[in-house]
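Heads up, the thing below is written out as structure tokens.
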Amino acid sequence: MSHMDPFAAIADPNRRHLLEELRRAPRTVNDLAKGLPISRPAVSQHLKALLDSNLVSVTAEGTKRIYAVNTQGFDRMNLWLDQFWS
């Protein structure tokens, strides 16, 4: 598994939108695709980038894959940002 820089992952506005939606509740790709003007395969690609950067997690429920925010994935970014407020 590659590890994408989380700052690079959130640079894309579609990925930020996905994170905002997932912050409200875990969702499937199809649920997430309804709120974006991009295709379901494009949403899947964006979710893969967020998975690779450890910002989201995925669990299987039968044939569905449920995506959720992985708060621990934000630790690296928080540590970096916190240095500016200390």
Side-chain angles (χ1 to χ4, degrees):
M1 176 167 140
S2 65
H3 292 284
M4 183 177 193
D5 177 3
F7 288 103
I10 64 169
D12 185 282
N14 290 315
R15 293 180 194 150
R16 289 193 305 271
H17 176 80
L18 291 172
L19 285 170
E20 290 168 10
E21 290 299 312
L22 293 172
R23 183 178 57 85
R24 292 178 181 88
R27 301 200 180 169
T28 64
V29 173
N30 288 335
D31 290 339
L32 291 165
K34 292 176 189 171
L36 286 169
I38 58 176
S39 67
R40 195 204 62 75
V43 170
S44 292
Q45 288 179 340
H46 286 300
L47 287 168
K48 182 176 180 341
L50 293 170
L51 276 168
D52 287 348
S53 62
N54 204 30
L55 297 176
V56 300
S57 61
V58 63
T59 56
E61 287 185 13
T63 59
K64 294 181 182 177
R65 292 172 52 91
I66 310 297
Y67 292 86
V69 169
N70 178 18
T71 55
Q72 292 176 336
F74 287 85
D75 288 346
R76 271 185 35 206
M77 290 193 311
N78 287 335
L79 285 171
W80 189 82
L81 290 169
D82 284 348
Q83 71 184 336
F84 294 98
W85 317 127
S86 309

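Note that the coordinates shown come from a computational prediction; the quantities given were computed from them, not determined experimentally.
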Is any side-chain heavy atom of [X] less than 4.5 Å from a side-chain heavy atom of [Y]?
X: Val43; Y: Tyr67; result: no
X: Ile66; Y: Thr28; result: yes
X: Arg40; Y: Asn30; result: yes
X: Arg15; Y: Leu55; result: no
X: Lys48; Y: Asp52; result: yes

| task | Give the cluster check for Phe84 versus Met77: same hydrophobic cluster or not, with ILVMFWY residues linked at side-chain heavy-atom distances below 4.5 Å. | result |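 Yes; tracing contacts between hydrophobic side chains, which count when under 4.5 Å, links both residues.
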Between [X] and [Y], what is the shortest heavy-atom contact and its length?
X: Arg23; Y: Val69; answer: N-CG2, 3.6 Å
X: Pro6; Y: Ser53; answer: CA-CB, 3.9 Å
X: Val29; Y: Ser44; answer: CG1-OG, 3.5 Å

From [X] [atom1] over to [Y] [atom2], what is the distance, rounded to the nearest 0.5 angstrom?
X: Phe74; Y: Leu81; atom1: CZ; atom2: CG; answer: 11.0 Å
X: Ile38; Y: Leu32; atom1: CD1; atom2: CG; answer: 10.0 Å
X: Lys64; Y: Asp31; atom1: NZ; atom2: CG; answer: 7.5 Å
X: Thr71; Y: Asn54; atom1: OG1; atom2: CG; answer: 10.0 Å

| query | Considering the options Leu50, Asn70, Leu18, which one meets the side chain to side chain contact (heavy atoms under 4.5 Å, CB included) requirement together with Val56? | reply |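 Single pass found, and it is Leu50.
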| said: Between Leu22 and Leu47, does the side-chain contact (heavy atoms from CB on, under 4.5 Å) criterion hold? Intermediate values first, please. | reply: CA-CA 11 Å; Leu22 293 172; Leu47 287 168; 4.2 Å; yes
| task | For the pair Gln83 (side chain) and Trp80 (backbone), establish whether a donor and an acceptor sit closer than 3.5 Å, ignoring hydrogens and angles. | result |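 Side chain of Gln83 to backbone of Trp80: a pair is present.
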| request: Indicate yes or no for a side-chain donor-acceptor contact from Arg16 to the backbone of Ile10 under 3.5 Å, with no hydrogens or angles considered. | output: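 A pair under 3.5 Å: yes.
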